[in-house]
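To start, the structure itself, in structure tokens.
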Amino acid sequence: MRRTAFLIAILLGVTCQAATCADVSTPPATGKPHFPPFGLSLDYIDATVKPGQDFFKYSNGGWLKTAQIPAARAYAGVNLELDLENEKRLAGLLKDLTSKPESGLSPEERKLRDLAEAFLDQARIDAAGLAPAKADLAMLATLKTEDDVVRAMANPALALDGPFGMTISVDQKNPSAYAVALSQSGLGMPDRDYYLKTDKDIMAAQAAYKTYLAQMLTFAGVPDAAARAAAIYALETEIAKASWPADERREEEKVYNPMPISALKKLAPQFPWDAYFRGAGVSPKNPKGERIVIVAEKSAFPELSAIFAKTPVPVWRDYLAVRYLHRFSAYLPQQIDAADFAFYGTTLQGNQTQLPRATRALYLLDGAMGEAFGKLYVTKYFPPEAKAKANTLVQNLLAAYAEDIKTLDWMSPETRTKALDKLSKYMLKVGYPDHWRDYSALEIPPGNLIQAVKNVSVFDWRRRLVRIDNPVDRTEWDMTPPTNNAYYEPTLNEIVFPAGILQPPFFDPNADDAVNYGEIGATIGHEISHGFDDQGSKYDGSGALKNWWTDSDRKNFDARTGALAKQYDAYQPLPGLHLNGKLTLGENIADLAGLVIAYKAYHISLRGKPAPVLNGLTGDQRFYLAYGQSWREIWRDGRTRESALADPHSPPLYRVNGVVRNDDGWYAAFPEVKSGDTFYLPPDQRVHLW
């Protein structure tokens, strides 16, 4: 994924013959660009900063001088601006629903309205207290056996947690089939490092988490809350010690361990798997015999099962009660919601206040019935012609990528043929699905918020469960249309660009070509390139996890990407906190390659003609400034820390400076970048990939 608002590249364009290369010019301007005079904000450029010292600040320094993060957000900048615009649009759509007469609502619209109204009725929620959760909390408080515990963990209505997580996804080595996938889980803080590191900021988070656990237990009516919270914390610490680090979990071959359920029981014998699968409704058999499951962190499973067995059932009861209150905090009285936000929003992220409840309602609707809400969004804000224009731009970048692969001097003909085959099989999804999800089986009882949320969880799980033994549905989307993000899915070999990101300033048909290629072009290149990053390149054109490289080509590629990882290891987004180049490698590869291919595609669009000089800026300078401004963003320290420890994306500063320093085109565009500048790299140290 390119964007990380709540949580988004390997292309190089080359010259091509007119008969084989698509028209890569952007649509003609039909109005004013989002940022005058041609798509860039010239006021953001800080000419007092040398481009080679800090290109991020050179591109955005004027904005940085006055930028402030809103109290309810963990970030400010271009993503927030687009998020706010999308939130404004969704709020208008919701207002339209609430103003319609009952008789004018479709069944889907009625469900959206009823869910929103239940969430927005804070007075009713507060007056009800814990009554809507009483039955669930009573059930958790009376669990007696280990089988009882794992059935609660697997219950799709509750969507809680435990030492193992389960989902149904595409089988990485058989992409025409689904499989049950199992992975390590069970932590209340973002990553194992939050339990194991001992620097002062992490230790402050640990202390706050212990307080939070005791608060939640107190809300649940548990006596001796502090002592029992300590037992939960000790349990999670043991889980953290057994868990794999985040960077190791990126290794596709390591986390693909298929085995029949009988073998799983031998691997992790102290966990009651039969009860767990029954709780989720997963049959141990399939039409061909015993069900095969995919185990991720294989070496962690025996230890996690032992931790489960040695932990007394009362501790698991308390653990699940806390997880329940966290899961449903937004739908419970304000004091519980506020306590949950105090830890997860303020302590971890640094946000000072919560988003307004009306804004949170929009994200609830998007998460619960995103395609129903998205259908309304694209009808009003993303007409078919916008989808067609975006689709054409993606196809042009794919064409440029294909031409580049043909010229790589480090790739053998054998590997090149397979790379081109994979690229030719990319599935492209732009804007919104061709087939909308059917929500007719989802019941949203008016005024019963907890039950509605539980119904949403069950609906989504059953949708996955009923097709578990059927062929893969390749038309599905994993993001909703209003989402400001994009993704590449290796098992389907597809790139997906929701309508929510195809908006100004990322996609502005009225902007200068150089600007569009530096922004949306680099974004498109980023997602295409994930099919050829260090892990995506391990999947073939059919989406199967299968080596298609010669040994020498893979060795050459790994050496280049290893050098890029070392560069990022040296970056410190906070004092003493280094990025993990191995964890962020896939995204860093995609950033670099996406920028380079967009640059080459931009030059193809010029058709041999010189780009005009606008406001004293050459076309190449506008291209790179647009890229720099596309990452115009600042984060709170808490978010930066969480990203550095657990997120495969680098912070915005390094998604600019860490990328351009490896791009020869940037040095040509800004010849004042010289040896001795902070981000200057000698030509022989620049990482060249695709």
Side-chain angles (χ1 to χ4, degrees), residues 2-3 8 18 21-40 78 81-93 96 366 370-401 426-437 475-477 479-487 494-528 598 601-602 604-607 626 630:
R2 183 181 192 277
R3 301 284 155 190
I8 165 176
C21 197
D23 179 1
V24 292
S25 60
T26 54
T30 58
K32 295 181 179 180
H34 186 74
F35 288 115
F38 42 76
L40 285 176
V78 64
E81 291 161 15
L82 184 49
D83 288 343
L84 289 172
E85 180 62 26
N86 280 337
E87 289 168 10
K88 179 180 177 181
R89 292 175 171 184
L90 292 173
L93 295 172
D96 291 343
D366 186 55
E371 291 195 13
F373 210 18
K375 192 186 303 182
L376 303 177
Y377 178 90
V378 300
T379 297
K380 190 167 184 178
Y381 297 111
F382 197 74
E385 54 267 29
K387 180 172 182 174
K389 289 176 181 178
N391 187 75
T392 298
L393 187 55
V394 179
Q395 293 290 359
N396 292 336
L397 282 158
L398 285 166
Y401 201 171
Y426 266 47
M427 177 183 287
L428 173 60
K429 296 178 178 178
V430 171
Y432 50 88
D434 293 328
H435 305 287
W436 295 102
R437 187 163 298 167
T475 69
E476 276 201 329
W477 283 49
M479 283 182 181
T480 65
T483 302
N484 170 23
N485 214 325
Y487 68 94
E494 67 180 12
I495 45 176
V496 185
F497 300 94
I501 195 174
L502 297 172
Q503 308 288 343
F506 295 136
F507 178 52
D508 186 353
N510 299 307
D512 169 42
D513 280 4
V515 174
N516 270 321
Y517 277 99
E519 291 174 345
I520 194 63
T523 298
I524 293 168
H526 174 108
E527 298 306 337
I528 293 173
Y602 166 59
I604 292 172
S605 77
L606 295 174
R607 297 183 178 278
S630 79

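Rounded to the nearest 0.5 angstrom, I501 CD1 and M479 CE are separated by 8.5 Å. One distance of note links CD1 of I520 with CZ of F497; it measures 7.0 Å at 0.5 Å rounding. Expressed to the nearest 0.5 Å, how far NZ of K387 lies from OG1 of T392 amounts to 12.0 Å. Note that CZ of F373 and CG of L93 are 5.5 Å apart. Values are rounded to the nearest 0.5 Å. Atom OH of residue Y401 and atom CD1 of residue I524 lie 14.0 Å apart, to the nearest 0.5 angstrom. To the nearest 0.5 Å, atoms CD (E494) and CD (E527) are separated by 11.0 Å.
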Side chain to side chain contact (heavy atoms under 4.5 Å, CB included) for L606 and D513? Distances and angles first, verdict last. CA-CA 9 Å; L606 295 174; D513 280 4; 5.9 Å; no
task = Might you work through the side chain to side chain contact (heavy atoms under 4.5 Å, CB included) test for Q503 and F382, ending with a clear yes or no?
result = CA-CA 9 Å; Q503 308 288 343; F382 197 74; 4.1 Å; yes
Note to self: As a quick check of understanding, evaluate salt bridge (Lys or Arg N to Asp or Glu O under 4.0 Å) for K389 and E385, giving each step before the final call.
What the structure shows: CA-CA 6 Å; K389 289 176 181 178; E385 54 267 29; over 6 Å; no
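The shortest non-hydrogen separation linking E519 to A626 is CG-O, 3.4 Å. Considering every non-hydrogen atom in both F507 and A386, the closest pair reads CE2-O, 4.2 Å. Residues P482 and G370 come closest through the heavy atom pair CD-O, 4.3 Å. Pairing each heavy atom of G39 with each of A511, the nearest pair is CA-CB, 4.0 Å. When all heavy atoms of L397 and A598 are compared, the pair lying nearest together is CD2-CA, 4.1 Å. When all heavy atoms of P498 and P481 are compared, the pair lying nearest together is CB-O, 3.6 Å.
A donor-acceptor pair shorter than 3.5 Å cannot be found between the side chains of Y381 and N86.
Looking at heavy atoms from C-beta onward, T483 lies in side-chain contact with D366 at the 4.5 angstrom threshold. Between K380 and D96, the closest side-chain pair of non-hydrogen atoms falls below 4.5 Å. Using a 4.5 Å heavy-atom cutoff, the side chains of N484 and F506 are in contact.
Note on ring orientation: taking the six-membered ring where Trp is involved, the planes of W436 and Y432 are parallel (angle under 30°, cut-offs 30° and 60°).
At distances below 3.5 Å, at least one donor-acceptor pair connects side-chain atoms of Y426 with backbone N or O atoms of I528.
When the options L502, N516, V515 are evaluated for a side chain to side chain contact (heavy atoms under 4.5 Å, CB included) with D508, the one that passes is N516.
With salt bridges taken as basic N to acidic carboxylate O contacts below 4.0 Å, none links K375 and E371.
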